[in-house]
Amino acid sequence: MNTTDARRILETALLCAAQPLSLRELTALFDGALAPDTLRRLLADLQLAWADRGLELVCVASGWRFQSRPQLRPFLDRLHPEKPPRYSRAVLETLAIIAYRQPVTRGDMEAIRGVTIGSQILKQLEDRGWIEVIGHRETVGRPALYATTRQFLDDLGLTSLDQLPLLEDTDAPARDDAGLELALLDGAEHAGAERPADGPAHDEAPVAATNERQS
C-alpha cells in the first residue's frame, strides 16, 4: 500500500469516528501492516495537510480525533443555540482539587475547601464523566478515592495531566487560591460548560474546626 492510500484511509476513519481513535485501533485499519512509527508519521502529515482548514487533527488522552478550531466555535454555536451546562463555582473548585491533588477522598476535598461538599456535586462530576472512584483509602471507614478520567482529559483537549496549567503554590488552600479553579475554567468552557456567575464559593456550611484532613 502506498503512502497516499494509507493517508486517505486514516483520514476517512478519523473523520467518520464518533470518538478518538487510539494508535492500536488505527493499526487495525491496516491489519498490522504499518508500524506505529509509520502511522505517527502519516498522522503528522495529516496535521500539516489540515493546517489551514476549519478542522484540526489533535491527539488527546484517548487517541486521535478531528475537531473544529476554537476560533470557529462562535459560528458553530449558532447552529445549536441552546446554552451549555452551567457549573457552579463549588463544582469547579471541587473538580480542580481532584485534578491537581488526586487521588483524594471527600474528606480531603472538604479540608482543602473549608466547607462540606454535597453528594450532588460529586454526582454531577461523575455523571459528566470527569471523575471516578479508583479505590479506597486503607483507613477507618475506607473512604473512596477520587481521580479524574480519560474523558476529562479528552474534553479539555489534553493527552495527560502533565499538561494542566502549573500552579505557583500547590500547597495553598484551594478556596484561597483562585488559580486552582481558574486553571480549569477555560477547559470547562471548551468542553461546553458556562463560566460560573461571580459569587460565594461555599456551597454548604463550613467544615468544623475539628475536621482534620485525612492522610
Minimal non-hydrogen separation, [X] against [Y], with atom names:
X: T94; Y: A90; answer: OG1-O, 2.8 Å
X: L57; Y: Q47; answer: O-NE2, 2.9 Å
X: L122; Y: R106; answer: CD1-CD, 3.9 Å
X: L21; Y: A13; answer: CD1-O, 3.8 Å
X: W64; Y: L26; answer: CD1-CD1, 4.2 Å
X: D154; Y: P20; answer: OD2-CG, 4.2 Å

**Q.** Connected-component partners of L145 among ILVMFWY, side-chain separation under 4.5 Å
**A.** I134
Q: Could you list the residues that satisfy side-chain hydrogen bond (donor to acceptor under 3.5 Å, both in side chains) with R7, not counting sequence neighbours?
A: none
Q: Could I get the full list of side-chain hydrogen bond (donor to acceptor under 3.5 Å, both in side chains) partners for Q102, not counting sequence neighbours?
A: T148
Q | Hydrophobic cluster identity match, L72 and V58, side-chain contacts under 4.5 Å | A | no
**Q.** Pairs satisfying ring pair (Phe, Tyr, Trp, His ring centres under 6.0 Å), at least one member in residues 36-61, at least two apart
**A.** W50-F66
**Q.** Within residues 10-49 or reaching into it, pairs that qualify as ring pair (Phe, Tyr, Trp, His ring centres under 6.0 Å) - sequence neighbours excluded
**A.** none
Q) With sequence neighbours excluded, what pairs up with D52 under the salt bridge (charged side-chain N to carboxylate O under 4.0 Å, His left out) test? A) none
Q: State which residues pass salt bridge (charged side-chain N to carboxylate O under 4.0 Å, His left out) with E56; sequence neighbours excluded, sorted by chain then number.
A: R69
Q | salt bridge (charged side-chain N to carboxylate O under 4.0 Å, His left out) pairs, two or more places apart, involving residues 10-38 | A | D37-R40
Q | Side-chain heavy-atom pair R8, D5 within 4.5 angstrom cut-off | A | yes
Q) Heavy atoms, side chains only, cut-off 4.5 Å: are L43 and L14 in contact? A) yes
Q: Would you mind telling me which of I97, I121, L95 makes a side-chain contact (heavy atoms from CB on, under 4.5 Å) with M109?
A: I97
**Q.** Crowding at CD, Q163 (>12 non-hydrogen neighbours, <6.0 Å)
**A.** yes
If you measure from [atom1] on [X] to [atom2] on [Y], what distance do you get to the nearest 0.5 Å?
X: D155; Y: W130; atom1: CG; atom2: CH2; result: 6.0 Å
X: E132; Y: E126; atom1: CD; atom2: CD; result: 9.0 Å
X: I98; Y: L125; atom1: CD1; atom2: CG; result: 6.0 Å
X: E110; Y: T116; atom1: CD; atom2: OG1; result: 6.0 Å
X: L34; Y: I9; atom1: CG; atom2: CD1; result: 8.5 Å

Which residues satisfy the side chain to side chain contact (heavy atoms under 4.5 Å, CB included) test with [X], sequence neighbours excluded?
X: L153; result: A61, L158, L161
X: A144; result: V133, H136, Y146
X: T27; result: L39
X: D162; result: S160

**Q.** Side-chain (D108) to main-chain (T105) donor-acceptor, under 3.5 angstrom
**A.** yes
